[in-house]
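Everything quoted here is computed from the prediction, not taken from an experiment.
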Amino acid sequence: MLSPKYQRHIEDFICENCGLKVIGNGFTNHCPNCLWSKHVDINPGDRAEACKGMMKPVAIELRNGLYYVLQRCVLCGFERKNQVKDNDN
């Protein structure tokens, strides 16, 4: 079940790291080609983060049979884990 703070937004975007046009599904939070993201949320989907820095993939973690990418903001150092999806490179 989604957190009450979660806000789903179906958005397409151009990856600011590699230039890929990404078709969003409301849960898309990183580029499937290079795994970079953008620091835009305080709570998932709220787009309320003022930083707007790029989130660099710095590690991959296997937990309970699922892979997660650890991303670190290149501006403020904030870290977030996102589940790797089937279409990720």
Do [X] and [Y] come within less than 4.5 Å of each other through their side chains, counting heavy atoms only?
X: Leu35; Y: Asp88; answer: yes
X: Phe13; Y: Val40; answer: no
X: Cys18; Y: Cys31; answer: yes

Contacts of type side-chain contact (heavy atoms from CB on, under 4.5 Å), residue [X], not counting sequence neighbours:
X: Asn25; value: Phe27, Thr28
X: Arg80; value: Asp41, Met55, Phe78, Asn82
X: Asn87; value: Pro32, Lys85
X: Ala50; value: none

Got a second to check how far [X]'s [atom1] is from [Y]'s [atom2], nearest 0.5 Å?
X: Cys15; Y: Leu20; atom1: SG; atom2: CG; result: 7.0 Å
X: Cys51; Y: Lys38; atom1: SG; atom2: NZ; result: 9.5 Å
X: His30; Y: Asn17; atom1: NE2; atom2: CG; result: 13.0 Å

Does any pair with a residue in residues 60-69 pass side-chain hydrogen bond (donor to acceptor under 3.5 Å, both in side chains), and if so which ones, sequence neighbours excluded?
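Non-adjacent pairs meeting side-chain hydrogen bond (donor to acceptor under 3.5 Å, both in side chains): Glu61-Lys81.
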Honestly curious: do Ile10 and Ile23 fall in one hydrophobic cluster under the side-chain, below-4.5 Å linking rule?
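Ile10 and Ile23: separate clusters.
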Without swapping roles, check the side chain of Asp12 against the backbone of Gly24 for a donor-acceptor pair under 3.5 Å.
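Yes; judged by distance alone, with no hydrogens or angles, the pair exists.
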Hey, is the main chain of Met54 close enough, under 3.5 Å, to the side chain of Gln71 for a donor-acceptor pair?
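No: the side chain of Gln71 does not pair with the backbone of Met54.
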Can you see which heavy atom on Leu75 is nearest to which on Gly53, and at what distance?
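Nearest heavy atoms, Leu75 then Gly53: CD1-CA, 3.5 Å.
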Tell me the closest heavy-atom pair linking Pro57 and Val69, and the distance in Å.
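Smallest interatomic distance, heavy atoms only, reads CB-CG2, 3.7 Å.
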Using links of under 4.5 Å between side-chain heavy atoms of ILVMFWY residues, direct or through other members, which residues join Ile42 in one cluster?
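Taking Ile, Leu, Val, Met, Phe, Trp and Tyr as members, Ile42 stands alone, with no cluster partners.
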Taking NZ, NE, NH1 and NH2 as the nitrogens, is one of them in Arg47 or Glu11 under 4.0 Å from a carboxylate oxygen of the other?
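Counted as a salt bridge, because a side-chain N and a carboxylate O are separated by less than 4.0 Å.
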